[in-house]
Amino acid sequence: MLSGGDRVALVTSGGDAPGMNAALRAAARVGAQLGFEIVGVEDGYRGLLEGRVRPLDLRVLDEASRRGGTVLGTARSKIFPTAEGQARVRETIATQKLRAILVIGGNGSLTGAQKLADVALIAGVPASIDNDLACTSMAIGVDTAMNTIVEACDRICDTAAAHRRIFIVEVMGRDCGYLAMTAGVAAGADAVVVPEVGRSDGKIVDQVVRAIETAYSGDKRRVLVVKSEGVKLDSAQLKAQVDARISAKFPDVDSRVTVLGHVVRGGAPTAFDRLLGARLANAAMRALAEGQSGFMAGWLGPGLARKPCAHDPYVVLSPLDEVLAETARLHQGTSELAQWRRKIFEEIDPILER
Ligand code: F6P
């Protein structure tokens with residue numbers, strides 16, 4: 001259990017996600033209200049290695065919470081997982097008298113957090129636009145990224161329809177097709193190509209060609225294909241192979257590729273992501289105050305196998321080792337969620353092609 005005046009450190013780590021600042025703001029405000037000294041670690045685990053810990057200004061966080069990125073900075077440290085890195089981080093925790101650490105980040109960041117559970121109380125808050133973490137239905141940043149993709153696709157469809165063109169829009173998500181699929185459905189895509197379905201390159205080309213033939217045999221003036229970056233077939237290759245297949249039938253139709261890249265990761269967080277960050281951070285900070293440790297605060301809602309935490313009916317605290325093991329199964333495609341996603345993704349394809 002934490003006591004008044006204890007130092008609690010906030011860390012943002014891994015790829016930034018819109019809503020991280022809102023989570024920082026909530027954690028700092030709730031922590032201050034509970035009587036703790038809240039400090040921020042600069043640049044993720046790199047800052048923890050180098051002892052870069054500083055006080056947090058609530059007014060600065062209020063402003064930052066409206067913006068993407070993270071006001072603390074973030075990094076993907078290669079030294080942190082090594083024995084030397086672990087020793088240096090432990091030294092910082094001891095010299096800075098950090099009693100608890102709240103890590104806001106994705107899979108790699110939470111794996112790192114778990115390693116420190118023997119020297120401080122540890123809480124994780126899921127943040128990654130990829131939505132590839134288990135034990136939470138949404139991670140911070142997913143909703144904003146989804147909205148950014150939809151907005152980009154809406155703009156692209158305007159010009160695509162004007163020219164009667166085909167657009168292949170590649171989106172981030174690492175090896176997870178969640179972002180591509182959800183944004184694709186919301187944007188009215190004609191085909192969505194995701195890694196989960198496990199199609200060969202030839203079958204992916206077939207899928208896109210079918211969508212084009214259906215669209216241009218009717219009165220459609222554009223074709224939107226949303227492709228996840230996790231699909232191994234390169235977007236330029238996909239375009240070339242599709243062009244070769246359709247050129248005789250549709251000689252006047254051009255295709256273009258747009259890679260949205262890091263555009264998808266920046267920008268002001270949506271109201272949902274701000275609130276998600278705030279609610280997860282609130283629950284995590286209060287659980288730390290009670291002395292709980294080694295958990296991730298996930299967004300799951302009532303009526304699930306694990307009881308919601310006492311502080312929010314939508315927030316479930318799951319042990320970090322369970323989160324990481326289940327996330328590994330999600331990535332391998334063997335977890336219940338992975339199989340569920342694959343089934344739904346397969347069901348959606350023919351519906352979009354109509
Ligand atoms: O994990 C978030 C993410 O944006 C992925 O979607 C993407 O593959 C990766 O990070 C990009 O990483 P970096 O910013 O290091 O290029």
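Residue numbers count from 1 along this sequence. Fair warning: this is a prediction, and the values are worked out from it, not measured in the lab. Just so you know, ligand 1 is whichever comes first in the structure, and atom 1 is the first atom listed for that ligand.
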Engineer: Specify the protein heavy atom at minimum distance from atom 12 (O) of ligand 1: its residue, its atom name, and the distance to 0.1 Å.
Structural biologist: Arg76 NH2, 3.0 Å
Engineer: Do the ring planes of Tyr45 and Phe80 sit parallel (below 30°), tilted (30 to 60°) or perpendicular (above 60°)?
Structural biologist: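 Parallel, since the angle between the ring planes stays under 30°.
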Engineer: Checking Arg245 against Gln241: is there a side-chain donor and acceptor pair closer than 3.5 Å?
Structural biologist: no
Engineer: What protein heavy atom is closest to atom 9 (C) of ligand 1, reported as residue, atom name and distance in Å?
Structural biologist: Arg174 NH2, 3.5 Å
Engineer: Among protein heavy atoms, which lies nearest atom 1 (O) of ligand 1, and at what distance?
Structural biologist: Asp130 OD2, 2.6 Å
Engineer: Does the ring of Phe36 carry Arg7 above it, NZ/CZ under 6.0 angstrom from centre and within 45° of its axis?
Structural biologist: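 No cation-pi geometry.
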Engineer: For ligand 1, is there an atom lying under 4.0 Å from some heavy atom of Gly173?
Structural biologist: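 Under 4.0 Å: yes for Gly173.
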Engineer: Run the numbers for me: atoms of ligand 1, each under 4.0 Å from some heavy atom of His262, listed by number.
Structural biologist: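 That gives atoms 13 (P), 14 (O), 16 (O) of ligand 1.
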Engineer: Starting from atom 11 (C) of ligand 1, what is the nearest protein heavy atom, named by residue and atom, and what distance separates them?
Structural biologist: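 Its nearest protein heavy-atom neighbour is Arg265 NH1, 3.6 Å.
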Engineer: In terms of atom number and element, which parts of ligand 1 are under 4.0 angstrom from non-hydrogen atoms of Glu229?
Structural biologist: 5 (C), 6 (O), 7 (C), 8 (O)
Engineer: Closest approach of Pro18 and Ile129, non-hydrogen atoms and distance?
Structural biologist: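 What the structure gives for the nearest pair is CD-CG2, 3.9 Å.
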Engineer: For a side chain to side chain contact (heavy atoms under 4.5 Å, CB included) with Leu330, tell me which candidate from Asn107, Leu337, Leu133, Asn131 qualifies.
Structural biologist: Leu337
Engineer: List the atom of Leu280, the atom of Ala297, and the distance in Å for their closest heavy-atom pair.
Structural biologist: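 Heavy atoms of Leu280 and Ala297 come nearest at CD2-O, 3.6 Å.
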